[in-house]
Amino acid sequence: MRSDSKNPPPHRGGGGPRAAWWRGRTPHAVSTSDCADHPKTGTEAAPSTASRSPSPVPLRSSGEDFSRRAVLAAPIALAACDRFASAEATPPTVPPLKSIAPAPFGTAIKASQIDDPDWVALARANVSQLTPEWEMKMEYILADGLDRPNFDRSDRIAAFAQAQGMALHGHTLIWYAQGKEAFAGLSGAAFDRAFDGYIAITAGRYRGKVRSWDVVNEPILDDGSGMRDCHWSARYGHDGYILRAFEKARAADPQALLFLNDYNQESVPAKGVQFLKLVERLLKAGCPLQGLGLQSHLWIDIKPGVVAAFMREAAQFGLPIHVSELDCTLRTEDRLDFRSQSERLTAQSARVTELAQAFAALPKAQQFAFTVWGLRDTDSWYRQGEKDDGKDKPLPFDSFGRPNPMAAALAAGFRTPA
């Protein structure tokens, strides 16, 4: 694994089912949403609590060479932001999400966010469980090689969770997308020792500190036509590497609840069927599988009813269910989709409310946790780099920590199980 892999890549924790939509897009010109979310950088300094009014144009050093076009455009951008800021909808009033969720309410975390006092305050108010977004993954831990595992950032996240009285969900031990470089050149018994040893040292290190683990992440092809081929399956078989990983994780941490985690089960029918068949095979094989992770990377055009229907199907096994990585993008693949932002938010609220209602309707013993893949829009993988259009609102809070309509949708769903 490359030694410079110290900063997370701009993707969600579980891959990216539709990340190619906006690949190659160039940063957009000033738009009305620039006023609130500063899309040029993806993240921005929050305004002081005294004013809470965002500055629409980033401050620059006096020595910077402004182009004539930039100088002329600045007053226009300021005027646009002032005009649309006054028309911005009033944020909904929502109680702390952890106070109304039927199970621990969680968020993804990056170690750097521990140094952001606004993020920490928002998390303390709303969150009771944390999932490391990237820094507990093999790509980070083995960036310097199998013989030099690095747990500095995951240790920091674990310490923060403990200090805040928050639960910690481990993410993730084995993922098809990582580990190939670190395991390159290994075969036979040497490969086995490295595979088993990695799980033992990682899960063992956090024994007693994590509540649970995503043991295997995303083993099923996007279209649901079968299992993914990867370096793990090449050695042990498609089901074999999953069985082995769960067995080694159980030995390393007998108290942690062990999850199988995947995405798009609700929105791609064939993938949902494959997921359920895999769970059935694993349980029949004696796998110590103890929970199901439904990532729930939703989008607004998922047909009404399918999210709740899959939740009911997954619940048939009687296992705890973790809504593990919720976000809901407003973007679609249709270039002729001219719906307004308001219309998109209405569609988003319907999908998110449906998910929250379906989770709240589960038997209490199956409500493991409900996790969003970030708190603020600008924390989202959808709002990083070239993917950032400055308009997307995939998470419960805006860039200044104010509730989005999505937060209200979650609250409504939790209160009205269906």
Side-chain angles (χ1 to χ4, degrees), residues 11-17 97-98 101-110 123 126-137 157 161 166-177 210-220 242 245-246 249 256-268 271-272 275-276 278-279 289-299 302 307 310-311 313-315 317 319-329 351-352 354-356 358-360 362 366-375 379-382 394-396 406 410 413-414:
H11 57 55
R12 70 174 177 82
L97 293 174
K98 69 179 182 181
F105 189 85
T107 185
I109 179 177
K110 306 177 186 76
N126 289 279
V127 166
S128 54
Q129 180 166 300
L130 300 173
T131 301
E133 183 171 345
W134 178 68
E135 292 143 324
M136 201 177 264
K137 289 189 170 83
I157 291 170
M166 298 176 182
L168 185 64
H169 176 69
H171 178 79
T172 179
L173 290 173
I174 298 296
W175 188 18
Y176 78 93
V210 301
R211 179 187 183 208
S212 46
W213 273 104
D214 287 330
V215 178
V216 173
N217 201 41
E218 302 171 357
I220 300 170
I242 301 173
F246 272 89
L257 215 61
L258 306 182
F259 281 78
L260 177 70
N261 194 47
D262 216 322
Y263 63 88
N264 283 7
Q265 302 103 314
E266 67 289 309
S267 54
V268 180
K271 187 163 186 178
F275 183 82
L276 298 175
L278 174 59
V279 171
L289 167 63
Q290 298 170 299
L292 306 181
L294 310 184
Q295 290 182 18
S296 305
H297 292 283
L298 306 181
W299 60 94
I302 294 176
V307 171
F310 187 80
M311 184 77 74
E313 288 189 80
F317 296 105
L319 297 174
I321 290 177
H322 183 193
V323 172
S324 57
E325 303 182 17
L326 170 64
D327 49 32
C328 187
T329 181
R351 300 289 72 73
V352 171
E354 180 183 335
L355 176 68
F359 182 81
L362 291 171
Q366 290 186 262
Q367 296 171 342
F368 177 76
F370 195 103
T371 296
V372 291
W373 210 235
L375 288 174
D379 297 329
S380 172
W381 66 286
Y382 282 114
L395 294 173
M406 181 176 171
L410 287 169
F414 289 150

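Just so you know, these numbers use all the heavy atoms, side chains as well, and skip hydrogens, waters and symmetry mates.
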Please answer whether the main-chain N or O of [Y] pairs with a side-chain N or O of [X] as donor and acceptor at a distance below 3.5 Å.
| X | Y | answer |
| --- | --- | --- |
| Gln367 | Ala360 | yes |
| Lys110 | Asp379 | yes |
| Gln295 | Glu325 | no |

Inset, instruction - Check Ser128 against Pro104 and note the closest heavy-atom contact, atom names and distance. - result: OG-CA, 3.4 Å
In chain order, what residues pass the side chain to side chain donor-acceptor pair (under 3.5 Å) check against [X], with sequence neighbours excluded?
| X | value |
| --- | --- |
| Ser380 | none |
| Gln290 | Arg250 |
| Thr107 | none |
| Glu354 | Arg351 |

Applying side chain to side chain contact (heavy atoms under 4.5 Å, CB included), can you list everything that pairs with [X], at least two apart in sequence or on another chain?
| X | answer |
| --- | --- |
| Ala108 | Glu133, Trp373 |
| Ala167 | Gln129, Arg211 |
| Ala245 | Ile174, Phe195, Ile199, Val215, Val216 |

Inset, instruction - Taking the side chain as every heavy atom from C-beta outward, state whether Lys137 and Trp175 have any atom pair closer than 4.5 Å. - result: yes
Legend entry - By salt bridge (Lys or Arg N to Asp or Glu O under 4.0 Å) - contacts of Lys271 (at least two apart):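 With neighbours one apart ignored, the set is Asp222, Asp262.
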Inset, instruction - Would you give the length of the straight line joining atom CG of Leu410 to atom CG of Leu395, rounded to the nearest 0.5 angstrom? - result: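 With rounding to 0.5 Å, CG (Leu410) is 10.0 Å from CG (Leu395).
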Inset, instruction - Under the ring-ring contact (aromatic ring centres under 6.0 Å, His included) rule, collect the residues that match up with Phe370, sequence neighbours excluded. - result: Phe359, Phe414
Legend entry - Sequence-distant partners of Phe368, ring-ring contact (aromatic ring centres under 6.0 Å, His included), two or more places apart: Phe259, His322
Legend entry - Side-chain donor-acceptor pair present, Ser212, His169, cut-off under 3.5 Å: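 There is such a pair (donor and acceptor under 3.5 Å, judged by atom type) between the side chains of Ser212 and His169.
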